[in-house]
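Everything on this sheet refers to the single structure shown next.
Note on naming: letters A, B, ... go to the chains in the order of the sequence lines (proteins, then strands), and numbering restarts at 1 for each one.
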Amino acid sequence: MRILQLHCKYIVYKPVKKEIGEAEEAEKKESRIDDVIVLFTAIEKGDDESVAVQAITQVKEFLGKLKVNRILIYPYAHLSIDLAAPSSALRIVKAMERAAQDAKIETYRAPFGWNKQFTISVKGHPLAEQSRVFLKEPKKQEKVSEALKAEEKRESSWYILSPVGDLVPVMDFDFSTHKDLARFSKYEISKMRASQEMPPHTKLMRKLEIADYEPGSDPGNLRWYPKGRLMKSLLEQFVTATMAEYGAMEVETPIMYDFHHPTLSSYLDRFPARQYLIQSEEKDLFLRFAACFGQFLILHDAQFSYRQLPLKIYELTRYSFRREKSGELAGLRRQRAFTMPDCHALCSNLKQAKEEFLKRFNLCMRLLEGLELGLDDYELGIRFTREFYDSNRDFITSLVKLIDKPALVEVFEERILYWVLKWEFNFIDNQEKASALSTDQLDVENARRYDITYIDQDGARQYPIVLHCSPSGGIERCIYALLEKAYKLQKKGKPPMFPLWLSPTQIRVIPVSDKFIEPAEGIRKKLADHGLRVDLDDRPLTMQKRIREAETEWINYVVAIGQKELDSNQLSVRNRATGEIKGMPIKELLKKVTKETRGKPWRPLPLPTQLSKRPQFYG
RNA sequence: GCCUCGGUAGCUCAGCCUGGUAGAGCAACGGUCUCGUAAACCGUAGGUCGCGGGUUCAAAGCCCGCCCGGGGCUCCA
């Protein structure tokens, strides 16, 4: 629908003759209307009553601004080259008229289908002349998955489950020795938070040149600076290596899928997330929000029997996309494009699924331990259906035993989604918000949906149980947890730090003055040759200043080189964790550092080794 | 989507209430200093005050509209 909207001192018009067969009946009589908004209107193909209402709603709003409440709807075909058929056009013009009357607008309408003569006087103010286009809103844009709708009215109740198997309603639990669990429960149940400050990690991610918002993209799609890219890359490697060790086969699958693919579209309805949609030629595509599709489609086509179960398949999705509402986004805590390891395991029956589930639970604990996130840093949340709990009490309790502290439990009376049991490790940040890191689900529905089958001992086709696990949660979110944890340390008066293996610079060498740059570089190289990230602050600044900057960069060890060190063959090593300066031979430092990083992936410095050669990305 | 705060130098921000030559610190650049564990000193350069319109002799500032972003709420397999 196209409307040319004119604020007129007056308009005079007179029907001259019918132009089309469907024209309305009208008298060939002159009409005059004063101080009126004239809507020259063309109805186009695809317009319907909803467009008419939409148009009038906006016109009404506009009338308020101009302090006018009188309109003339004037059918005017010449505005469009894509006109609707006259019969439906007339219907919609009438719908506009009705909508306007309903909105208490004084409404006039020129007859439809006539050749008319008119004289018009348009006012001179800037808002007097407006052209507008209204389109029917495409349906798929409004598509909300059934799961999202179901989520909104889900019925569940909350408990605390202790390691000995007591299930206590949340209201009756004594939280006095479980402060973080109390925070987690409060967050999950009441959804009450009131925080004015910025989340500390968003400031840190920029100050430390890890990541930043990218105004040139969609919100929640971040840019990563070299140091952040390095950390992310190390975490990715670590998770992938751990999954390989576990026996999962790494694959790679497309990031976009056909919206109308039959199995995919029914899965979309079972998943509570909003998608990015892309149109390409004739296809509607959506960007994946997890690796499920790609892996399930592979497994659908693969053939395997009970002998190969449990069968484990893994992908590090870079990226998964979820079009979260803009207000939900927060730095590294929640993005619209994020990197998520996703591992599925197919199990022959519930017994095998439970064994595997436990194995993965342990694996996730170990993995977070590798990031130096321990049991004090996260809380366990478990969710299940009432029915599943009733027949698997001991099994569920055995999960809680593994962390040896009470867990928050959500019990669903009915199965709304595709799983009957899931758990997450939740990190509680400085604003007392909880975010899931590791998670695993027991899925009893998707094998059937994707027609994934295995052959059992008797040669019959069976549907396996599917486990969905993100062993670390989103990689970005891991960095968020590390930053928030570091901030907690800082609040307690301790130096904020990263685990050594993730530190962009592990050791910085600082020559006392520029006379010592050369020997300092020699020492730097010696250390670097042992597979460490060591850089050299060769800038002509005072020693104090360079030490200070090393500290603000959270560098774990700082080595000063001057005459004293050259004479004694001892390095002066400043240890960030303790704040102490200790003399030690180069070997001792090497031993200390390699011990601390044993078993973890390594990558070289992502920046020039000389600080004088580095650009500033932020600030 | 709603509420709220904001957009001024690369960064952090002041100036806006009460209209009258656009500021500071840090960073950058040039120089002096050759330095011993969290900020040496001097200087130089750097701005379409988010965009559009209005009011005014005069707008970063006042008014209207728009755009963008943060945070909160809702939501979170």
Could you let me know what B:A28 is paired to, Watson-Crick or G-U wobble, both distances under 3.5 Å, or none if it's on its own?
B:U44
Set of salt bridge (Lys or Arg N to Asp or Glu O under 4.0 Å) partners for A:Arg524, sequence neighbours left out
A:Glu521
Let me know, please, whether A:Arg206 or A:Glu424 comes out on the 5' side of the other along RNA chain B by nearest nucleotide.
A:Arg206
Report the base-pairing partner of B:A39 (Watson-Crick or G-U wobble, both distances below 3.5 angstrom), or none.
none
Rounded to whole angstroms, how far apart are CZ on A:Arg333 and P on B:G70?
14 Å
With a non-hydrogen cut-off below 4.0 angstrom, is A:Leu329 in contact with a base, only sugar-phosphate, or nothing?
sugar-phosphate
Taking only the side-chain nitrogens and oxygens of A:Tyr618, find out if one of them lies under 4.0 Å from OP1 or OP2 of B:U12.
yes
Atom-to-atom span, CZ of A:Phe516 to C1' of B:C35 - whole angstrom:
10 Å
Describe the nucleic acid contact of A:Arg334 in one word from base, sugar-phosphate, nothing, applying a heavy-atom distance below 4.0 Å.
base
Rounded to whole Å, CZ of A:Arg336 lies from P of B:C75 at a distance of 17 Å
Say whether A:Glu484 and A:Asn430, considering side chains only, have a donor N or O and an acceptor N or O under 3.5 Å apart.
yes
Centre-to-centre under 6.0 Å for A:Tyr450 and A:His300, is that the case here?
no
Measure from the side-chain heavy atoms of A:Asp514 and tell me the nearest of B:U34, B:G72, B:C35.
B:U34
Closest of B:C76, B:G71, B:U12 to the A:Tyr213 side chain is B:G71
Is there a Watson-Crick or G-U wobble partner for B:C66 with both distances under 3.5 Å, and if so, which one is it?
B:G50
State, with a plain yes or no, whether a side-chain heavy atom of A:Asn446 is found less than 4.5 Å away from one of A:Arg448.
no
Measure the acute angle between the ring planes of A:Phe321 and A:Tyr319, then classify it against the limits of 30° and 60° as parallel, tilted or perpendicular.
perpendicular
So which nucleotide does B:U74 pair with, by the Watson-Crick or G-U wobble rule with both distances under 3.5 Å?
none
For A:Arg206, all residues meeting side chain to side chain donor-acceptor pair (under 3.5 Å), sequence neighbours excluded
none
Just name whichever nucleotide pairs with B:U34, Watson-Crick or G-U, keeping both distances under 3.5 Å, else none.
none
Beyond-backbone contact of A:Phe384 with A:Phe412, side-chain heavy atoms, under 4.5 angstrom
no
Could you please name the partner base of B:C57, counting Watson-Crick and G-U wobble pairs only when both distances are under 3.5 Å?
B:G20
Comparing nearest nucleotides in RNA chain B, the 5'-proximal residue of the pair A:Arg539, A:Thr202 is A:Arg539
5' to 3', nucleotides 37-44 of chain B under a 4.0 Å protein heavy-atom cut-off (B base, S sugar-phosphate only, - none) gives BBBB----
